[in-house]
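First the structure, in the form of structure tokens, and then the observations on it.
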Amino acid sequence: IGPTAAWNSLPGASRGFVPSRLELSANDDSFSWSRREALRVGGVGMASALSLPSASRAETVQLSPPTITSATLLSDYDPTDYKTLPSYGRTVFPPPFLPPLTNRATYRYSLGRDAWALEQLLAFANVTATIRTNVIKLDDGGGLWVCNPLFPTPEYCALLDELGPVTNVVLATNALEHKAAMKQFLFKYPDAEVWISPGQYGPFGECGIVTDDMNEDQVDAIVSKAAKTMGYRVDGVLPVKAQPGKEAQEPKPKNMYPSWKDVFDIAVLCVELPENAGPTSECAFIHKKSRTLVVTDAVICVPSVSSTTA
């Protein structure tokens, strides 16, 4: 699957291959900015990018990427290739209930191989993290596969629309911070095919779980319930493997897998524990053509912090 994404230090965000910190030098000045710091600055309107002189981007870039064995896969990858469009606007209505509530900056990073990451800041009191949408361009006319969409500010939508039409949307986890923007996002992109991870909960209850031993009518019943529960159209719920001793349906019902099932390898984790309020789920994907792994919270790297800055 190519180089691992574990070196990316974005807690709680879907992983790609963008380095966690940029260290740039220009003339006698040195800068070291994490993406979280850059988003924080952009989010309060102080800068639209990294607040660095444009000349510095062409100077020395000191990075420590993992060893890449297939150079062609990352031939279009440039860790300094980011874009923002602050003039388009950084607010959304109704306001998000997850801070920042206003002036919510979006940064788009190119990952090469027709893949991108769009990031916004998530802040609670003195805890901040960047949160990510992963985007992959499919071969079916250039449609976009969008995983875990964020709040659709005009800037976010403009950065996304530049890449192509949104044709498929995936909610890959039931973690609140990743699902909070789905309804507002789908209002902007009502024609996209929508699939969600199992065990989702919405304002009207739980959606239920699809297992691969179900027939077409059983799957339909859960998907219909999911659409009512979540408050937006749902085309499918990604299935989990049936309990041991139960046979998977063969052939598979047409409504059990998305239209892009042959483009990705899909793995689904769904855990129900008595101590939890409901099921916990996450879906992982490997885009076969580019060998790109897309996960949400399954891969986390917490960067070390020196005692002087702790």
Side-chain angles (χ1 to χ4, degrees), residues 1 5 14-15 133-136 138-140 143-149 166-176 178-179 182 186 192-202 204-299:
I1 58 176
S14 297
R15 304 294 181 256
T133 296
N134 273 346
V135 180
I136 294 178
L138 304 180
D139 290 336
D140 57 351
L144 300 181
W145 182 87
V146 178
C147 186
N148 298 334
V166 175
T167 55
N168 297 276
V169 178
V170 187
L171 177 57
T173 176
N174 58 10
L176 177 61
H178 295 289
K179 64 189 290 180
M182 274 289 285
L186 293 174
E193 180 181 318
V194 182
W195 283 73
I196 62 176
S197 67
Q200 288 288 347
Y201 53 91
F204 307 108
E206 292 186 16
C207 296
I209 297 172
V210 172
T211 56
D212 64 4
D213 63 328
M214 290 182 173
N215 60 41
E216 188 168 339
D217 290 338
Q218 291 172 314
V219 174
D220 269 338
I222 292 177
V223 173
S224 297
K225 179 182 177 182
K228 296 175 183 177
T229 299
M230 301 302 289
Y232 49 78
R233 194 187 84 248
V234 175
D235 295 297
V237 177
L238 292 167
V240 299
K241 289 188 178 296
Q243 294 293 326
K246 294 186 177 181
E247 295 292 332
Q249 283 284 327
E250 294 295 347
K252 302 292 186 188
K254 293 181 180 179
N255 57 353
M256 185 172 286
Y257 290 99
S259 61
W260 38 268
K261 65 179 177 62
D262 295 327
V263 180
F264 292 84
D265 283 330
I266 306 170
V268 181
L269 172 69
C270 187
V271 180
E272 296 185 78
L273 298 175
E275 300 83 5
N276 290 356
T280 297
S281 67
E282 180 170 335
C283 305
F285 310 93
I286 294 179
H287 185 229
K288 297 178 183 179
K289 180 180 178 180
S290 64
R291 295 192 286 168
T292 301
L293 170 66
V294 180
V295 296
T296 306
D297 291 322
V299 177

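Aromatic ring orientation, F285 versus W145: perpendicular (interplanar angle above 60°, classes split at 30° and 60°).
K225 and C207 make their closest contact through CD-O, 3.7 Å (heavy atoms, listed as atom of the first residue, atom of the second, distance). Shown here for A226 and V237, the closest heavy-atom pair between the two residues is CB-CG2, 4.2 Å. A pairwise comparison of heavy atoms in V223 and V234 identifies CG1-O, 3.4 Å as the closest pair. When all heavy atoms are compared, the tightest approach of P239 to V268 is O-CG2, 3.4 Å. G199 and N174 make their closest contact through O-ND2, 3.5 Å (heavy atoms, listed as atom of the first residue, atom of the second, distance). In terms of heavy-atom proximity, T296 sits nearest to H178 at CG2-NE2, 3.4 Å.
With hydrogens and angles ignored, the 3.5 Å screen pairs no side-chain donor or acceptor of Q200 with any backbone N or O of M230. T173 places a side-chain N or O within donor-acceptor distance of the main-chain N or O of S281, the cut-off being under 3.5 Å. No donor-acceptor pair closer than 3.5 Å links the side chain of S197 to the backbone N or O of C283. Formation of a donor-acceptor pair under 3.5 Å by the E282 side chain with backbone atoms of A298 is found in this model. Between the side chain of K261 and the main chain of M256, no donor-acceptor pair closer than 3.5 Å is present. When atom types are taken as modelled, the side chain of D235 and the backbone of V194 share a donor-acceptor pair closer than 3.5 angstrom. In this structure, the side chain of T133 engages the main chain of N148 through a donor-acceptor pair within 3.5 Å.
The line from CD1 of I222 to CG of N255 is 10.0 Å long, rounded to the nearest 0.5 Å. Interatomic distance, CG of L293 versus NE2 of H287, reported as 13.0 Å (0.5 Å rounding). Distance check, rounded to the nearest 0.5 Å: CG of L144 to CG of L138 gives 7.5 Å.
Annotation: side chain of I136 is not in contact with side chain of N134 (no heavy-atom distance under 4.5 Å). By the 4.5 Å heavy-atom criterion applied to side chains, P258 and L238 are counted as neighbours. By the 4.5 Å heavy-atom criterion applied to side chains, L171 and Y232 are counted as neighbours. The shortest side-chain heavy-atom distance between I209 and C270 falls under the 4.5 Å cut-off.
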Start with the C-alpha distance between V169 and M182, add both sets of side-chain angles, then the distance that settles side chain to side chain contact (heavy atoms under 4.5 Å, CB included), and finish with yes or no.
CA-CA 9 Å; V169 178; M182 274 289 285; 4.0 Å; yes
Checking V210 against Y257 for the side chain to side chain contact (heavy atoms under 4.5 Å, CB included) test, could you report, in this order, the C-alpha distance in whole Å, the side-chain angles of both residues, the deciding distance, and whether it holds?
CA-CA 10 Å; V210 172; Y257 290 99; over 6 Å; no
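Exactly one of D265, V295, I266 qualifies for a side-chain contact (heavy atoms from CB on, under 4.5 Å) with I286. That residue is D265.
Within 6.0 Å of the NZ atom in K288, the count of heavy atoms belonging to other residues, nucleotides or ligands exceeds 12.
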